[in-house]
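Position 1 is the first residue of the sequence; numbering continues from there. A quick note: this is a predicted structure, and the numbers were derived from the prediction, not measured.
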Amino acid sequence: PGAAGTTRLQWVDPAKGKASAPIAFDGSLLPVGLSPGGTLLLARSDQAFSMQLSAPALGVWRVTEGGVEPVAAWNPKDPNSPHSVPPTSAAFVDDDHVVCVSFPNLMTLWNVPGRKAVYKLDTGGTGAPAMSPGGRYVAVPMADAVIVLEALSGETAARLPGAPAGTATLAFSPDGKRLAAASSQQIVVWDLEAGTQTHDFALAAPSWAGTLEWVEPGQLLLRGTDLV
């Protein structure tokens, strides 16, 4: 009890309807994403085992036919922070870069081969960044706004008006032309090409926003259960 077990991973090809044989993976690590090319796996330490952080909190593995091979592992903890909890979110930008958020609000872009920070940003917010399709931009919920950055440089591309207070979840549309933001009480949508807000409405039953996904050009799936 209290010890991490083993996670079983399978690679699935939806187009062909095929899945690989299950492979064993360290149960103290939480797989959080594949690289854009599908050849690398990103994992972070599982919050459930955050008191057992003897291993680095972020890692990248190469996906092979027989399993996964370690590529890089490091601890993204800010040396000036007294907190020792795992990153709250992490995602690939491209095969060589990962963006993560460390408690309480520090977002960092990491160069994976060198395990070095490219830039850091104190977001002051509570949500996770969202990557645009293709990885060119990253949207970041700040304390009083949502900003869109050039993902590899950290340069500000846009500052969006009318962000909902306490934004927790962001999602780019599949074509990258719109961005949606959800808080516990509100959903806002922006047209990124025009830089304007197109929708702003309250949720009938306020609650934790959870996940947010575009399912069609004009529809969002909130919390995996509510179609908006």
Could you check whether any side-chain heavy atom of [X] comes within less than 4.5 Å of a side-chain heavy atom of [Y], counting everything from C-beta outward?
X	Y	value
R159	I147	yes
P217	R178	yes
M107	P129	yes
L34	L41	yes
V140	M142	yes
V101	T123	no
Q185	L203	no
L212	L222	yes

Would you give the length of the straight line joining atom [atom1] of [X] to atom [atom2] of [Y], rounded to the nearest 0.5 angstrom?
X	Y	atom1	atom2	result
L220	T169	CG	OG1	11.0 Å
E193	K177	CD	NZ	5.0 Å
W214	S173	CH2	OG	5.5 Å

Looking at every non-hydrogen atom in both residues, tell me the closest pair between [X] and [Y] and how far apart they are.
X	Y	result
W110	C100	NE1-SG, 3.5 Å
V146	P141	CG2-CA, 4.4 Å
Q10	A19	NE2-CB, 4.1 Å
G154	L149	O-CD2, 3.7 Å
P161	Q197	O-NE2, 3.4 Å
P76	A57	CD-CB, 3.8 Å

Between V12 and L9, is there shared hydrophobic-cluster membership here, with clusters defined by ILVMFWY side-chain heavy atoms closer than 4.5 Å? no

So if you build clusters from Ile, Leu, Val, Met, Phe, Trp, Tyr with side-chain heavy-atom gaps below 4.5 Å, do M131 and L106 land together? no

List the atom pairs, with distances to 0.1 Å, where a side-chain N or O of residues 91-99 and a protein N or O form a donor-acceptor pair under 3.5 Å, not counting sequence neighbours.
unit_1, atom_1, unit_2, atom_2, d
D94, OD1, D96, N, 2.9
D94, OD1, H97, N, 2.9
D94, OD1, H97, ND1, 2.9
D94, OD2, H97, ND1, 3.4
D95, OD1, S35, OG, 3.4

Can you spot which of V189, I187, V188 makes a side-chain contact (heavy atoms from CB on, under 4.5 Å) with H199? V189

With sequence neighbours excluded, what pairs up with A194 under the side-chain contact (heavy atoms from CB on, under 4.5 Å) test? D191, T196

I'd like to check the side-chain contact (heavy atoms from CB on, under 4.5 Å) partners of E155; sequence neighbours left out, ordered by chain and number. E150, S153

Passes side-chain contact (heavy atoms from CB on, under 4.5 Å), D200 versus Q186? Steps please. CA-CA 7 Å; D200 181 357; Q186 184 183 10; 2.6 Å; yes

Which Ile, Leu, Val, Met, Phe, Trp or Tyr residues join L227 in one cluster when any pair of side-chain heavy atoms under 4.5 Å counts as a link? V215, L221

side-chain contact (heavy atoms from CB on, under 4.5 Å) between V63 and T39, worked out: CA-CA 5 Å; V63 179; T39 59; 5.6 Å; no

Evaluate the side-chain contact (heavy atoms from CB on, under 4.5 Å) criterion for residues L29 and S45: first the C-alpha distance (whole Å), next the side-chain angles of each, then the deciding distance (0.1 Å), finally the verdict. CA-CA 4 Å; L29 299 171; S45 296; 4.1 Å; yes

Apply ring-ring contact (aromatic ring centres under 6.0 Å, His included) to W61 and list each qualifying residue two or more places apart in sequence or on a separate chain. F25

Residues 112-121 side chain polar contacts: donor-acceptor under 3.5 Å, at least two apart:
unit_1, atom_1, unit_2, atom_2, d
R115, NH1, P113, O, 3.4
Y119, OH, A151, O, 2.7

